[in-house]
K.L.:
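Structure provided below as structure tokens; questions to follow.
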There are 2 protein chains.
Amino acid sequence: MTIRDVEKTKEKILDGLGALLAEEGFGALGVNAVARRAGVDKVLIYRYFGGMQKLLRTYAIGGDFWPSISQQAGAALSELAGMSLRDLSVRLLKGHMRELLKRPRTQEIMRWELLKRNELSDELARAREQQGLEIMQLLGSLDDVPPGVDLAAVAALVHAGLSYLVLRAHTADDYIGVGLNTTKGRRRIENAVETIIDAVLRCHSDEKENRK
Amino acid sequence: MTIRDVEKTKEKILDGLGALLAEEGFGALGVNAVARRAGVDKVLIYRYFGGMQKLLRTYAIGGDFWPSISQQAGAALSELAGMSLRDLSVRLLKGHMRELLKRPRTQEIMRWELLKRNELSDELARAREQQGLEIMQLLGSLDDVPPGVDLAAVAALVHAGLSYLVLRAHTADDYIGVGLNTTKGRRRIENAVETIIDAVLRCHSDEKENRK
DNA sequence: TTGACATGTCACTGGTTGGTGACTTATGTT
DNA sequence: AACATAAGTCACCAACCAGTGACATGTCAA
């Protein structure tokens, strides 16, 4: 009765998984649920993907979930070369938040990544880690990195903070008095990023002697 | 045959839930699993707690999950009064990470909080938010907050970053090249906190004019 | 001691899960 | 036209799930 088109069916399955993930979260995931949502017999999931695990892998690896460096920066890679370390850092961090806000499915995958360690989570982490390192390489190549500042650690901390605040916005409205779901709150967060980057990149003297 | 002690049984159930949560994560949660783990008939969960939902609420609200302010600061409240804004901020943030690292069940609750919004997640968020505001009040009362710096937003960002890195350590080993499960990596993160706080609290001048 | 009730055990339901084998039917090749 | 194979449907399995009713038994008050 139905048209027989493998690619189309595969697509339906992946779309169904994505929709289910975005709307219900991964708590609702399962072969039956995905098949039902995709309007497809679940046996096809086994035949085409080899089971739920591999389907998830195909989905998470293949999709357009992870914004590229230029997407995060909001500019072509060629333009980035001329920027100052400060501008580049701020652009990338702000862009990270902005892009992540636009991608509910990516958020869902990130939430899912926090749960349980397995081969897939490791694979996702590896891919993401590589991009992070590329970005740090880009930043580190600039010559005005202040001495005594562990830029990677600072960037990791701020980057992680932005990620968490975006993920947290899904289930909470405020974080230490900062609104997570208002434009005002988001601007406060963006300004905090600027404040931190500006301060760290400028005030680097007497960092060492002060610590001990 | 068995001793009949309601309180003991309730405790067994809550302990079972906690152990299950810490070891398997909330993916494995359920009336049957908890009852099995606690060595108790599941019907008692319904009788004593009114179902899984309310059991979870009792668990999450009642337990010693959220470190107090003095726990985070690693000092009595009375001692905190004399500290500088810089020292207090650093102590609280570092303490937050340290305490969170020691509490796998709290981590699990936090992961769970990210998933789905409901009455319980709202209640947890409210309680946590209140403590966060208390801390900010404590910090804000000090008179050396630099003008033009949104301390709450900066604190929220760093606090969120530490939280995310701790949660992430469960399923990944690195974050932008920073080790999450090594003492060296944790020290880098702690130093980054210091770097940021130091820089933000000291370099506040010409913040405004520079932005535009 | 008797009776009432709280405490805990057991068995069962209806529904869902992941997974598999058998089946029908369309498609494309010879 | 005959055929092999791929595409999709269907029925079924054992295991698990949440939830409930019936029952046995310990505890305590009258």
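Here is how names work: the chains are called A, B, and so on, in the same order as the sequence lines, proteins then strands, and each is numbered from 1.
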K.L.:
What residues, two or more places apart in sequence or in another chain, satisfy side-chain contact (heavy atoms from CB on, under 4.5 Å) together with B:Ser70?
P.N.:
B:Ser68, B:Leu77
K.L.:
Could you tell me whether the side chain of A:Arg91 and the main chain of A:Ala73 form a donor-acceptor pair under 3.5 Å?
P.N.:
yes
K.L.:
Could you pull out all residues at least two apart from A:Arg103 that satisfy side-chain contact (heavy atoms from CB on, under 4.5 Å)?
P.N.:
A:Asp64, A:Pro67, A:Gln71, A:Glu99, A:Thr106
K.L.:
Which residues pass the salt bridge (Lys or Arg N to Asp or Glu O under 4.0 Å) test with A:Arg98, not counting sequence neighbours?
P.N.:
none
K.L.:
Taking only side-chain nitrogens and oxygens of B:Thr9, does any of them come within less than 4.0 Å of OP1 or OP2 of C:dT7?
P.N.:
no
K.L.:
Near DNA chain D, which residues from residues 51-62 of chain B have a heavy atom under 4.0 Å away?
P.N.:
none
K.L.:
B:Arg188: what forms a salt bridge (Lys or Arg N to Asp or Glu O under 4.0 Å) with it, not counting sequence neighbours?
P.N.:
A:Asp150
K.L.:
Residues of residues 16-45 of chain A with any non-hydrogen atom less than 4.0 angstrom from an atom of DNA chain D: list those, numerically ordered, please.
P.N.:
A:Asp41, A:Val43, A:Leu44
K.L.:
For C:dG8, does either OP1 or OP2 sit under 4.0 Å from a side-chain N or O belonging to B:Tyr48?
P.N.:
yes
K.L.:
Output the rounded distance in Å from NZ (A:Lys10) to P (D:dA6).
P.N.:
13 Å
K.L.:
By nearest atom, which of the nucleotides C:dT7, D:dG8, C:dG19 is closest to the B:Val6 side chain?
P.N.:
C:dT7
K.L.:
To the nearest angstrom, how far is B:Lys12 atom NZ from C:dT7 atom C1'?
P.N.:
12 Å
K.L.:
With sequence neighbours left out, what residues match B:His159 under ring pair (Phe, Tyr, Trp, His ring centres under 6.0 Å)?
P.N.:
A:Tyr175, B:His96
K.L.:
Tell me the interatomic distance from A:Ile13, atom CD1, to D:dA7, atom C1', rounded to whole angstroms.
P.N.:
12 Å
K.L.:
Take the protein atom CZ of A:Arg47 and the nucleotide atom P of C:dG21, then report the distance between them rounded to whole Å.
P.N.:
12 Å
K.L.:
Residues in side chain to side chain donor-acceptor pair (under 3.5 Å) with B:Lys94, at least two apart?
P.N.:
B:Glu194
K.L.:
According to salt bridge (Lys or Arg N to Asp or Glu O under 4.0 Å), who are the partners of A:Glu23, at least two apart in sequence or on a separate chain?
P.N.:
A:Arg37
